[in-house]
S.K.: 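A single structure is presented below for examination.
Each chain gets a letter, A, B and so on, in the order its sequence line appears, and its residues count up from 1.
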Number of protein chains: 2
Amino acid sequence: MKKQTQTLRDIARETGVHVSTVSRALNPSNGALITDDLVDKIKAAAERLGYRPNRLAAGLRTNRTMTVGLMIPDITNTIFPPILRGVESVLEPLGYAVIMVNTDSLASRETLLVDVLRERGVDGIIHAAVLRDDPKIIEVARAGTPVVTVNRKIEAEGIPAVVNDDGLGVRLVLSHLHEQGHRRIAHIAGPENLSTGRFRRKSFEDAVARMGLPLPPEGVIQSARFDEAEGWRCAEQLLDDWNPTAILCANDRLALGAIQFLKDRGIDCPRQISVTGYNDMPYLDRLRPGLTTVRIELFGVGQESARLLVRMMTDPEATAPSEMVLPVTLIKRGSVGPPPAD
Amino acid sequence: MKKQTQTLRDIARETGVHVSTVSRALNPSNGALITDDLVDKIKAAAERLGYRPNRLAAGLRTNRTMTVGLMIPDITNTIFPPILRGVESVLEPLGYAVIMVNTDSLASRETLLVDVLRERGVDGIIHAAVLRDDPKIIEVARAGTPVVTVNRKIEAEGIPAVVNDDGLGVRLVLSHLHEQGHRRIAHIAGPENLSTGRFRRKSFEDAVARMGLPLPPEGVIQSARFDEAEGWRCAEQLLDDWNPTAILCANDRLALGAIQFLKDRGIDCPRQISVTGYNDMPYLDRLRPGLTTVRIELFGVGQESARLLVRMMTDPEATAPSEMVLPVTLIKRGSVGPPPAD
DNA sequence: AGAATTGACGCAAACGATTGCAAGACAATC
DNA sequence: GATTGTCTTGCAATCGTTTGCGTCAATTCT
């Protein structure tokens, strides 16, 4: 039976040269000169034996494993798979593999998982987690591991960030609602400990103020999680305390919950109250009413963050842009209409 | 500035013992006896220095990296994230990390990615790819790497499989349609080169025959991909050639496409034609009509396959069950009704 | 033609952990 | 008191690659 895996030594024996020569012949990048026909001979032998380099051994020696870590809150959340594919689409052709971990937005898991990645010697980390304060990742970045964050910026730490233009997204929705005639616009905000929740809320409040719209404290409800149940609960509380004609939700799932609440109460959306989401999850167009929302660049975010990381990994001296913001687009569907005549 | 990473040697120097002693103190599992207070002292030093083992080095020596590979067609497909979480839920507490790769159901990528995984020394592979003939994975399994497949069995190769009971699922749908009074039931089959497509088709044809229902050749349309566009196309072809009262689709996306076609043609579902899906994708209950479908155990499939793999990795001699089939449940929603009186 | 330069390859030391074996300390046995 | 045995720890090889340096032959220069 064939040996489990072939090594450089096997090729060396086969071709009658030293293993270092084989190594150099197979990696022209290290600048060593090996005669062309010897290179051919060695490559042929490698091919014939089915040689596959042992990256553990190489990584041990070089401190580069051609592996990167990707930290996300939860792959089950529909926005993350496209990001992952985007990351993979640039990393894989370059020979990198990615180890993905789900943090569930828990600080404890986050610190744990950072170690899981570092023990495996990842060359860099793409950090798509959304926790506002993440102790460990900053430490890792300081220690020299390339890190790029997506969808959140870590304040004043020099960690590059790839983000969608949330400020613009919120303004687009708001203008759309305003054009339709809405004046009392409420907000169901995302969890306070998540950067997206926080930032969209601030964008909303700023924009509303600038537009001169009324916004009593009851006009913004804080959700505890980005899910439908919370959307339902927040919508209920909102209508108990105020009488908005439109609800701008911090993400699609909250919006779905809110719409469900309206339906359960017999309130027509959009005829009586308009609702908007954020993210443009798949299949939203098939719902009734279709959800007006903001489409964010997911695949693109993944790609850009990976490109940035590659730059940092291959040239540690290069100064990476500290922030990269990607465009968003408003998607108009049925959940927004003019407010009731009243 | 602190050194990048601490090694066994650093702890050894710190505590005045040999590195082998440190290694043994930190891994009680290898059976060596070290005095308790020395162990405490070493552990304290390790803690103090923030020691993290270098799994590359350990893996090089032991041939175990505590890393497993997960091969799936496309994480963007909603059925895979829950599987991944299931896998992770059992693997991560045991100290394993998972490298995930997307094959896009391409044989070429599959062989490529198997190598990506093996170069990194994965201890085992969970193969959730659905290609019917996969040359490379069999070779890998033969070479001694533990492999378990999910959602497909590789015939007569001794590779354990974790599957959902597709036969049962198809029969459940069929009985439901039959009870509602349907007799002319058509099938939009999944791609022929994917095992799920193939198997569900066979299950459908067998069950229909056993129930004594009519099934002309035009009653089964072969799709080329598991997507909405194909569902639309196949539905069109189906209605051109036959006049079924119900369409059983091989998965939800095909069903969504089919329903869309009916809608575009002004044909009412379910009043004129009933449609069923398979998989129970998220948010299907929010559509109009809600899609009657089969719910399969995704998280459970992930868990079971991971458990199986762990058994194989830790005890290579143990004979693993060759097949593990998980239950499915019929989910009744609005897309099925009695056939028109006609 | 002899010296200096270059080119092509071999040698051996790393990288950090694991582990069979040897060795020393100490207690128990005859 | 010498011998045997048990416990604990040290020694050194090993996993597969990479890479600085040395060496030898072939080439070029004076």
S.K.: Is the count of non-hydrogen atoms from other residues, nucleotides or ligands lying under 6.0 Å from A/R64 atom CZ greater than 12?
M.R.: yes
S.K.: Contact class for A/S23 vs. all strands (heavy atom < 4.0 Å): base, sugar-phosphate, or nothing?
M.R.: base
S.K.: Once you apply a heavy-atom cut-off of 4.0 Å, does A/R9 come out as touching a base, just sugar-phosphate, or nothing?
M.R.: sugar-phosphate
S.K.: Taking donor-acceptor contacts at under 3.5 Å, does the side chain of A/R24 reach the base of D/dG20?
M.R.: yes
S.K.: Measure CZ/A/R64 against C1'/C/dG16 and give the value in whole Å, please.
M.R.: 19 Å
S.K.: Is there side-chain contact between B/R120 and B/T67, with at least one heavy-atom pair below 4.5 Å?
M.R.: no
S.K.: Could you tell me whether A/L56 contacts a base, only the sugar-phosphate backbone, or nothing, with contacts defined as non-hydrogen atoms closer than 4.0 Å?
M.R.: nothing
S.K.: What I want to find out is whether A/E139 reaches A/R142 closely enough, with some N-O distance under 4.0 Å, to be called a salt bridge.
M.R.: no
S.K.: Judged by each residue's nearest nucleotide on DNA chain C, which is more toward the 5′ side, B/Y51 or A/V22?
M.R.: A/V22
S.K.: Counting the atoms with a prime plus P, OP1 and OP2 as sugar-phosphate, which does B/S20 contact under 4.0 Å by heavy atoms, base, sugar-phosphate, or nothing?
M.R.: base
S.K.: Could you check whether atom NZ of A/K41 has more than 12 heavy atoms from other residues, nucleotides or ligands sitting under 6.0 Å from it?
M.R.: no
S.K.: A/L8 CG to D/dT19 P: how many Å, rounded?
M.R.: 12 Å
